[in-house]
Amino acid sequence: MDPATTAALDDAPDSPVGPVLQKADYRNAMSRLGAAVNIITTDGVAGRAGFTASAVCSVTDEPPTLLVCLNRTASVYPAFEANGVLCVNVLAPGHQGLSGVFGGKTPMDARFAAARWRRGLTGSPQLEGAAASFDCRVVRRTSVGTHDVLFCEAVAITLGDTAHGLVYFDRRYHDLLPAPH
Ligand SMILES: NC(=O)c1ccc[n+]([C@@H]2O[C@H](COP(=O)([O-])OP(=O)(O)OC[C@H]3O[C@@H](n4cnc5c(N)ncnc54)[C@H](O)[C@@H]3O)[C@@H](O)[C@H]2O)c1
Ligand SMILES: Cc1cc2c(cc1C)N(C[C@H](O)[C@H](O)[C@H](O)COP(=O)(O)O)c1[nH]c(=O)[nH]c(=O)c1N2
C-alpha cells in the first residue's frame, strides 16, 4: 500500500488489535465519498424538527426502505425519537443555502421559515421544489457509535419535475443538472 495515500496509523507496539485509524483520517477519506444532500423533517407529539443529512441510502425496495443516520447529540434527536415518522427531502440545485440553515445551530422556526412546505401523509413537512420526497414511518432503529441508524419505510413518494440533484463532495456542494439529450 502506498504510504502517501494510506491514512496515518497508530502502530503502537502494545496495541493488541493492530493499527488504529484516527477520526480525521476517516473524515478526510469520507469527504471523497460524494453523497446526495437531504433535509430530514419530522412533526408529531414532540413537535416539528429538521436537519441536513448526507448519510442516507436505499436499503430495499420490498418494502421500500431507506436508512438515515442521526447523531444522538443533535438538538433534533428527541423529536425524531418521539415522533416515529420523517420525510427525506432530496435537495436540488439552488438548495445549498437551505442545507446550511438545516446543518446546525439555527433555531428550528428559522430553519422552516427559509423554505415552503406541504404536510405529508405522516404529518412530516415536505419541501416544495425537492428533487424527491420520501414520506416515511420509522420501522426500526439501532445505535452504532455516536449515531442512530433509522430504518424508514416509505408510505408516500413525491417526485420533482426534473431529474436534478445536489451532491456534497470534497466538503463542497456540486449541482447535478440534467444531461442535454
Ligand atoms: N454523518 C454525519 O453525521 C455527517 C455527515 C456530513 C457532515 N456532517 C457534519 O457537518 C459538518 C461539516 O462536515 P464536512 O463534510 O464539511 O467536513 P468534515 O471533515 O467534518 O466531514 C467529512 C466527511 O466525514 C463524514 N463525517 C463527518 N462527521 C461525521 C460524523 N460525526 N459521523 C460520521 N461521519 C461523519 C461525512 O461523510 C463528511 O462529509 C461537520 O460538523 C460534520 O460533523 C456530519
Ligand atoms: C452537508 C451536511 C451533511 C450532514 C450534516 C451537516 C451538513 C452541513 N449533519 C449535521 C446535522 O445537519 C446537524 O448536526 C443538525 O442540523 C443538528 O444540528 P443542531 O444540533 O440542531 O445544531 C449530519 N448529521 C447527522 O446526524 N447525519 C448526517 O448524515 C449529517 N449530514
Side-chain angles (χ1 to χ4, degrees), residues 5-10 20-59 65-115 117 124-127 129-136 138-154 164-176:
T5 56
T6 304
L9 301 174
D10 174 6
V20 176
L21 287 169
Q22 303 298 309
K23 188 195 277 190
D25 300 320
Y26 178 74
R27 288 197 182 193
N28 283 338
M30 283 302 296
S31 73
R32 307 278 176 90
L33 200 161
V37 190
N38 312 276
I39 290 178
I40 317 297
T41 57
T42 188
D43 203 352
V45 287
R48 188 173 64 161
F51 71 106
T52 299
S54 53
V56 173
C57 80
S58 177
V59 177
T65 307
L66 303 86
L67 69 76
V68 175
C69 300
L70 171 58
N71 197 317
R72 286 191 303 282
T73 64
S75 68
V76 298
Y77 180 79
F80 278 87
E81 190 181 30
N83 290 345
V85 294
L86 59 77
C87 185
V88 176
N89 296 283
V90 185
L91 297 188
H95 283 149
Q96 289 93 329
L98 194 61
S99 173
V101 167
F102 277 84
K105 311 298 175 230
T106 307
M108 210 47 68
D109 284 349
R111 295 187 194 192
F112 283 96
W117 308 88
S124 305
Q126 275 185 19
L127 174 64
S133 292
F134 300 85
D135 195 16
C136 301
V138 180
V139 292
R140 194 180 299 179
R141 64 175 67 219
T142 186
S143 297
V144 180
T146 53
H147 284 56
D148 271 13
V149 184
L150 312 180
F151 293 91
C152 311
E153 187 176 329
H164 55 190
L166 185 65
V167 166
Y168 199 62
F169 172 75
D170 196 20
R171 301 186 173 94
R172 286 178 293 131
Y173 295 98
H174 304 264
D175 289 344
L176 280 185

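Numbering of ligands and ligand atoms starts at 1, following listing order.
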Less than 4.0 Å between atom 29 (C) of ligand 1 and some protein heavy atom, yes or no?
yes
Quick check on atom 4 (C) of ligand 1 - does any protein heavy atom sit closer than 4.0 Å to it?
no
Does the protein place a non-hydrogen atom closer than 4.0 angstrom to atom 20 (O) of ligand 1?
yes
Just by modelled atom types, is the V144 backbone N or O under 3.5 Å from a matching donor or acceptor in the H147 side chain?
no
Under the rule for side chain to side chain contact (heavy atoms under 4.5 Å, CB included), what residues qualify as partners of H174, not counting sequence neighbours?
F169, R172
Residue pairs, two or more places apart or on separate chains, that pass salt bridge (charged side-chain N to carboxylate O under 4.0 Å, His left out) and touch residues 96-105:
none
Once side-chain hydrogen bond (donor to acceptor under 3.5 Å, both in side chains) is applied, what residue pairs with a partner in residues 74-88 remain, sequence neighbours excluded?
T42-N83, Y77-D148
Interatomic distance, OG1@T65 vs CZ@F151, rounded to 0.5 Å, equals 9.0 Å
Between R72 (side chain only) and G145 (backbone N and O only), is there a donor and an acceptor less than 3.5 Å apart?
yes
Nearest heavy-atom contact between V76 and M108 is CG1-CE, 3.4 Å
Any N or O on T146 sitting closer than 3.5 Å to an N or O of ligand 1?
no
Among R171, M30, K23, R27, the residue with a heavy atom nearest to atom 17 (O) of ligand 1 is R171
For atom 6 (C) of ligand 1, what is the closest protein heavy atom, and at what distance to 0.1 Å?
S54 OG, 3.5 Å
Atom 2 (C) of ligand 1 has as its nearest protein heavy atom H147 NE2, 3.7 Å
Any side-chain heavy atom of C136 within less than 4.5 Å of one from L86?
yes
Kindly identify the option in Y26, F51, Y168 whose heavy atom sits closest to atom 39 (O) of ligand 1.
Y168
Select all protein residues for which some heavy-atom-to-ligand 2 distance is less than 4.0 Å, and list them by chain and number.
F51, T52, A53, S54, A55, C69, L70, N71, A74, S75, F102, G103, G104, K105, R111, H147, Y168, Y173
Are S133 and N89 linked by a side-chain donor-acceptor pair shorter than 3.5 Å?
yes
Any donor-acceptor pair under 3.5 Å linking the side chain of D25 with the backbone of L21?
no
Specify whether the nearest protein heavy atom to atom 9 (C) of ligand 1 is under 4.0 angstrom away.
no
